[in-house]
Amino acid sequence: MRDRLTIGIAGAGGDGVVVLGSLLQRLAASQGYFSQMPRYYGPQIRGGASGVKLSLDTTRASVSGDTVDIMVCFNWEKYAELEQELPLGINTVLFYDNAPPKKGINLPERSFQVGFSEISKELTGTTAAKNIVALGLLERILALPENLSKGATAQDHASALLERNGLALNAGKRLLLEFPFAELKLSPPWDASVKVVLHGNAAVAQGAIRSGCRAFFGYPITPASEIMQEMQERLNHGNGAFLQAEDEIAAVGLALGASLTGAKSMTATTGPGLDLMTEMIGLASGAEIPVVIVDVQRCGPATGIPSKSEQSDLNHAIYGGHGDAPRVVIAAYDVEGCYRLLIESFNISEYYQTPVILLSDQWLGQTTVAIDGNFLTRDYSVCQRRRPGGEYQEQYRRYELTEDSISPMAFAGDEGLVYQATGLTHNEKGRPSFDFATQQRMHEKRWQKLAPLRGKDELVEVFGTEEARRGIVAFGSSAQFVLKTVEDLGLQHRLKVCIPELIHPLPDKLASFVGSLEKLLVVEMNYSAQLHHYLRSQLDLPSDTETYARAGGLAFTRKELSGPMTKLAR
Amino acid sequence: MRDRLTIGIAGAGGDGVVVLGSLLQRLAASQGYFSQMPRYYGPQIRGGASGVKLSLDTTRASVSGDTVDIMVCFNWEKYAELEQELPLGINTVLFYDNAPPKKGINLPERSFQVGFSEISKELTGTTAAKNIVALGLLERILALPENLSKGATAQDHASALLERNGLALNAGKRLLLEFPFAELKLSPPWDASVKVVLHGNAAVAQGAIRSGCRAFFGYPITPASEIMQEMQERLNHGNGAFLQAEDEIAAVGLALGASLTGAKSMTATTGPGLDLMTEMIGLASGAEIPVVIVDVQRCGPATGIPSKSEQSDLNHAIYGGHGDAPRVVIAAYDVEGCYRLLIESFNISEYYQTPVILLSDQWLGQTTVAIDGNFLTRDYSVCQRRRPGGEYQEQYRRYELTEDSISPMAFAGDEGLVYQATGLTHNEKGRPSFDFATQQRMHEKRWQKLAPLRGKDELVEVFGTEEARRGIVAFGSSAQFVLKTVEDLGLQHRLKVCIPELIHPLPDKLASFVGSLEKLLVVEMNYSAQLHHYLRSQLDLPSDTETYARAGGLAFTRKELSGPMTKLAR
Amino acid sequence: MMKESSYRTGVTPVWCPGCGSFALLNALTGIVLPNLGTPGHQVFIVSGIGCSSRIPAYINAYGFNSLHGRAVLIAQGAKLANPDLTVVAIGGDGDFFSIGAGHLPHAVRRNVNITCIMVNNFVYALTKGQTSPTTPYLRRGEGPFLSLQFYPPVDPVLDMVSYSVSTGASFIAQGITADVPHLGWLIQEAIKHRGFSFINVLTPCVTFEPPQFFKTIREKASYLKEGEPVELPDSSREQPWLHDSGNITLALKLAQTPVLEKPHIGIIFRGKES
Amino acid sequence: MMKESSYRTGVTPVWCPGCGSFALLNALTGIVLPNLGTPGHQVFIVSGIGCSSRIPAYINAYGFNSLHGRAVLIAQGAKLANPDLTVVAIGGDGDFFSIGAGHLPHAVRRNVNITCIMVNNFVYALTKGQTSPTTPYLRRGEGPFLSLQFYPPVDPVLDMVSYSVSTGASFIAQGITADVPHLGWLIQEAIKHRGFSFINVLTPCVTFEPPQFFKTIREKASYLKEGEPVELPDSSREQPWLHDSGNITLALKLAQTPVLEKPHIGIIFRGKES
Ligand SMILES: Cc1ncc(C[n+]2csc(CCOP(=O)(O)OP(=O)(O)O)c2C)c(N)n1
Ligand SMILES: Cc1ncc(C[n+]2csc(CCOP(=O)(O)OP(=O)(O)O)c2C)c(N)n1
Ligand code: SF4
Ligand code: SF4
Ligand SMILES: [Mg+2]
Ligand SMILES: [Mg+2]
């Protein structure tokens, strides 16, 4: 019996790898197990390599170890493309459908050829149910209950699929008699409450709805499209405005238009789309129009690797665009954060009348987790835009220089508050100005209004003992791997870890974290160490500062992180 | 007799202010005088405020003092809009056409109402020649020779204009009898060789032609349009490819297409256009396609103040775009530099196969200077792209990992070297790759190939005594104001000044300059101190570092700079 | 020249004397808005960047002078989020048909109920006189108005009508600033049309186009009247037909008339409403 | 299924089995390039981003898989700088008619001698099945292919023809991947045309569109032959006329036929050459 178990599944596009992983994940979730399952896929639409790495856990969802405990392989050729993501360890128990190629693959000791396809063919006439056969086998190994009926997913097409393939499922279960691996059994979950299954992209969309988003405009792009698709379903029935735009300039332009009428408006994209939005983001900053932009980062530059994670859009999020246009940059590092921070992004965007860029990444966006669903029903304060009161009649100044530099904003349609705005430099009334003093004053206004955000301590998470003088700063999904590795290495008491969710403007709590250190390590997944340079541009870093920064395309492994971390702790 | 003299001219759009200034400038240049003349204009196409500030000098072109020695005002209402640019000093000698308004203007002691319009009307039937009357007056005051015939501008429509208005000109000259200001006479120029008159935008275009640019694509935008217009004339007759594109994405896309066939290709724009080019710049970086992009910066954010200077695109030039796409950023600080650095930009772009962004700004781009024309005929080394030799037949790898990370580049059309490239992550052959190791290696290649640029000492200018331990870093046109103020304050021996022309990657010479200091002042014209933060992100700055950074919209004055500079020197 | 209207703000326009934008401003504030009776706070005027795009500042309604080429996006977003607003997008020929050209087919097919007014001055005016996509082009020697570049112009009205073929829904018209009452009437009809509407307003720039250009267009202008024969240019070999703005095929034929030869003023096509 | 050709690289395509892109690849490497006899180094294939845009890697010619929507820009730039190259831009319906839609009218009017091949699979395939601007749209209940969004599609061929009206110069055609030899012939003619050419290649995605979609189009396909009567859909009230690809007005009429009702395969319009 064990508390954690990682299962790898690899095959070709039609092999049902993701379906198998999802069914298993949901089945386990219905019993109360936590889990996390990243997806691996390539450029091919059909028949390409497809893999998942499902880590089940009795107590919480966390990133898996480097190697897998159980591996199911439907296709060796495709496995070769996924070897980096799903390396076999010497203790891995491997089940495979067909004989492996002569060279290139070292089978672990406990490797078993199981005729998944053959059994499926025998029972159902096609090989299509081979993944269900495998499901039966895995269910039994993990000692999961017989069916999904107890779960949250009872009514959907997954259970229908299972019902249709009952024979195959049972055949899979019966295979177990021949492979008794008692040590692979999972302990009962810490609590039996059903876990919700979702990925970061779904969490973003649900957070948007929760915070009252009424307008979404998007353009398809991997790995952000799920957000658009979920928003389409949720906003399509008169609940708001949704459009698939003709491009990303249109998407954010439509969102600004909606926002001017008072609707909470957003869009979601990844790098290339964010590039195209640059000019509009500057307009939103300059004309002080709230809008939330989610960037689910992938490998760059240019088209890069569309299906793989990188954290290389940070610079553009912070600095992108001409003319000194301030904006807020937030980064989620887990799925719960995707939900909570989307709400926070709207709160900040609406309150401060500024564009907010919420950074996610492919790993976070497309990895499904099974977690406690409490966060979905928790109370969140939801901010509204500050609107001018009755005292303004006839005197309303859209860009009034108030004490906190936030000017009450009328909605297009509000009676008595008509104003005209412009992307030109403008005075308090919104009228074009060519005057230096106005230019300086309005720059000040836009930058200074964001200063209070530095005090948002709740958007900076710190783990570990306060007294530690060695610390790590990491953001986004990489932070999960950092936390996990610190724990696995047992360094919790020597190292502390700071995960800023608010990145820009730079929060005070992050500054004091850095200030408390003798040795700092910055970990990030981009070649040029963007976070490190950003921190350095704003703070005095300890003279003993190191960075661990490399390209994306592969999640951090415990192995690679342990080098710099052990060094840090020494 | 004096060595320097500054003349302000202000009026409404139709008053011929710029024509007057230009004629005077060219007349003086034809005698050997140096000069510099920024232009001030507003949003109106016709009838708006129009001003120039012409600083004549016997020994070199440099920025003028804060106030003007002579002021010609055709229109008080418009003057009010230009007061910041053309402040009157107590010693200013003022000539004005019509009576000033009762309040708001304090006339200097020596103020004279001269009926420019009246005289013009009398002599020519319309008031249109009032500027020529003023020209006559100024010519005589400065003791300039009678006509332009000696000058370089003999044949053009300026002299035609003068000829047509000979009466008015002479009337102007005769006015002098009534205003004897001998102390306003200019000494003879240091050398009598005719000076060339051009602005930064013209210098950029001429530099492009000089370096063999054969393809220009642009989209109109203030204050960069002059570059496009000059390139249109120069490339239109079968000398190359020129198109006015449908937008800036198209402009840079067309340039990349031309570059792939081996043509030196470029575009020019300002902030909003640069924003739109972001995605393509990333593609050029990722697929290693040479291209030069000139950004004539103006006030931002968004549309900002299109006709006024700011230095607020630096962040975007360095960091703009998703996915860690390196590029080279160069900034010219004077007109000669616009020419020389455009050539350098092509050299670097072609040699390193990378996009180069050359930063200019409205002040630099549109201020006409009269200077020694030697730089136009000097020898410049002109780099060619490294192309694969015969050894490559059948084996050519477009992105071969060579020792210096620069891969020979075939031109589309070259026999035997056919390759296919992509904006996807790719291997040495240019084939799409989804592999982490390739992703890391290609990031390395693109970043490391630029490292030797750090050694380009000639792209960093240092003024002042090496031993000084206090120094200033400034870039772009602001640097001219810094140099002038240091000189005016007589601080040359206490302060040194470093003007990096190469900004990114950060040159070693700049690093050692900063490293040699106890006190540093960074001067720049943008609200958020972009250069300062960039330097800080890369270097350990002296603990005693200050910044003087403010919005654009008004050139730096000696008065404002002397505060921080005196403090620095103390 | 300017009518007093409660729909005017106190801001003085920056346009050149004689610019057609004044006529549009008069049409909107002196005719359209008063006649429709829509209070200013229920109107949202979005513009791009260019001379005519300065107009929102002069109209006492919600207004936004946005980005070059993007007015039609902001306008659609606003209308979708607040369908009670009357939303008008105003811009230049550069705005709509150069940098913003990609947004138009999509705006047409979505048929969001906004009104686009393209102030077609046949030039990039604000940037001082460069060729726009509508700058007239004649082969050398053929006439007085030669674009600096040797491309034929795009034909905005033809494009807009052809975009409308698949929906059969939009409202496409051509107006002229020389006739403010008619222009006002057209805009009113366009706003009243429940669906996407587009008006190409002919108004050669008085500063960057030769003066005879405007004169020519004004003189050649031919008003379209329902049920009456359309006038065709002399060069046309078509048989004239009776104008029927409800017929998309006739509209397409009509839209093929080069605007310099026979500027048709009126409603070219009025599709079914939603 | 794949012809061997010296114009193929060794790279294995990532397309789904049965994808129409194979047919295009065969047409290009098996017919067009061999027939034209242009050596690979004098050919430059530029693509956007999408399934079909992977094609340059498979053709032994200069190639560049550029950015979504921008192939036509890179292609024009290359041709202008090196007029000796044969330049072909290939992309999807999303590429050309959504994100890249703004570039097309300008490419047409400039009449740069490049050939655009739009692989129209009626969907965003690479991003897994979202609505594209050509996704068929029928009112609820009218038929089997309902776009997720309730907009009529843009009509690429109609637009391209209407863009060509002012120049009268382009070459506009429609092909189908079910007929490789004919597709090859069309592309050859397009490349030989001295001026801008555009081919709309009908090839419903076999993965994200229902299988009957391709079947329907293939069955309804009607070949255009010079001088012979054009077939019109049953719903049409027009009199059939004799096909004359040199007549822009007839081309415009032809282009109004909805592609699902009567997919015309052949040369719709072939303008005057430069
Ligand atoms: C992205 C971007 N590119 C270029 C410009 C510069 N620009 C301002 S207005 C304009 C075109 C003006 O022409 P048009 O749209 O016809 O308006 P007009 O001034 O003629 O009324 C251009 C190119 C800009 N503001 N933004
Ligand atoms: C700027 C940008 N936005 C979005 C995408 C994502 N994307 C890739 S291909 C594609 C559309 C694919 O459709 P289409 O052009 O019809 O090509 P197909 O895959 O159908 O052949 C999109 C939206 C992108 N690569 N770049
Ligand atoms: S330049 Fe032309 S369009 Fe602009 S304001 Fe003057 S007349 Fe009007
Ligand atoms: S998804 Fe469609 S377009 Fe893409 S490769 Fe498969 S069949 Fe072809
Ligand atoms: Mg115009
Ligand atoms: Mg498609």
Side-chain angles (χ1 to χ4, degrees), chain A residues 213-217 219 235 238 240-265 267 278-284 286-287 289 291 396 398 410-424 426-427 429-432 434, chain C residues 6-7 9-14 38-49 53-87 89 99-110 112 114:
Chain A
C213 169
R214 283 205 305 109
F216 185 99
F217 306 98
Y219 189 67
L235 290 180
F242 173 91
L243 275 187
Q244 182 183 312
E246 58 270 32
D247 62 23
E248 288 87 350
I249 298 176
V252 64
L254 288 157
L256 292 193
S259 180
L260 286 166
T261 73
K264 289 188 178 174
S265 309
T267 183
T278 306
E279 192 191 11
M280 277 285 176
I281 294 172
L283 178 68
I289 306 172
V291 67
Y396 176 51
R398 165 66 187 95
F411 298 172
D414 281 353
E415 200 173 337
L417 297 166
V418 158
Y419 71 90
Q420 299 84 35
T422 172
L424 287 157
H426 46 261
N427 63 20
K429 285 214 65 126
R431 307 247 151 100
F434 273 61
Chain C
S6 64
Y7 288 99
T9 62
V11 182
T12 314
V14 295
T38 321
H41 73 270
Q42 285 169 13
V43 177
F44 185 35
I45 314 268
V46 191
S47 67
I49 300 288
S53 289
R54 301 301 291 261
I55 207 168
Y58 315 142
I59 302 178
N60 195 1
Y62 282 97
F64 188 36
N65 181 188
S66 71
L67 295 182
H68 189 39
R70 316 301 175 193
V72 72
L73 302 174
I74 310 269
Q76 287 173 89
K79 181 73 186 181
L80 285 165
N82 183 350
D84 295 337
L85 288 175
T86 296
V87 181
I99 192 167
H103 304 306
L104 288 175
H106 301 281
V108 171
R109 74 195 181 97
R110 280 178 204 133
V112 178
I114 61 167

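The sequence lines fix the lettering, A, B, ..., with proteins before strands; numbering per chain opens at 1. Everything numeric here is computed off the predicted structure, so don't read it as measured data.
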Which atoms of [X] approach chain C - backbone, side chain, both or neither, heavy atom under 4.5 Å:
{"X": "A/Ala250", "result": "both"}
{"X": "A/Ala287", "result": "side chain"}
{"X": "A/Tyr419", "result": "both"}

Spatial distance of atom [atom1] ([X]) from atom [atom2] ([Y]) [nearest 0.5 Å]:
{"X": "C/Thr9", "Y": "C/Tyr58", "atom1": "OG1", "atom2": "OH", "answer": "8.5 Å"}
{"X": "C/Arg70", "Y": "C/Ile49", "atom1": "CZ", "atom2": "CD1", "answer": "11.5 Å"}
{"X": "A/Leu424", "Y": "C/Arg54", "atom1": "CG", "atom2": "CZ", "answer": "5.0 Å"}
{"X": "C/Thr86", "Y": "C/His41", "atom1": "OG1", "atom2": "NE2", "answer": "10.5 Å"}

Side chain, backbone, both or neither: which part of [X] has a non-hydrogen atom closer than 4.5 Å to chain A?
{"X": "C/Leu80", "value": "both"}
{"X": "C/Phe44", "value": "side chain"}
{"X": "C/Asn82", "value": "both"}
{"X": "C/Ala75", "value": "neither"}
{"X": "C/His106", "value": "side chain"}

Quick check on the interface: out of [options], who has the most heavy-atom pairs with chain C under 4.5 Å?
{"options": "A/Gly413, A/Gly253, A/Ala263", "answer": "A/Gly413"}
{"options": "A/Arg431, A/His426, A/Arg214", "answer": "A/Arg431"}
{"options": "A/Ala241, A/Ala421, A/Ala258", "answer": "A/Ala421"}
{"options": "A/Leu256, A/Leu260, A/Leu283", "answer": "A/Leu283"}

Side-chain donor/acceptor of [X] to backbone N/O of [Y], under 3.5 Å:
{"X": "A/Gln420", "Y": "C/Ile59", "value": "yes"}
{"X": "C/Ser53", "Y": "C/Ser47", "value": "no"}
{"X": "C/Tyr62", "Y": "A/Asp414", "value": "yes"}

Q. Quick one: do C/Arg109 and A/Glu246 make a salt bridge, cutoff under 4.0 Å?
A.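 Result for this pair is no, no salt bridge flagged.
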Q. Do you know which of C/Gly40, C/Ala61, C/Ser66, C/Pro56 has the most heavy-atom pairs with chain A at a distance under 4.5 angstrom?
A.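 Going by pairs under 4.5 Å, I would pick C/Ala61.
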Q) Under a 4.5 Å heavy-atom cutoff, which of C/Val11, C/Asn65, C/Ile45 has the most pairs with chain A? A)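 Sorted descending by pairs with chain A, the first entry is C/Asn65.
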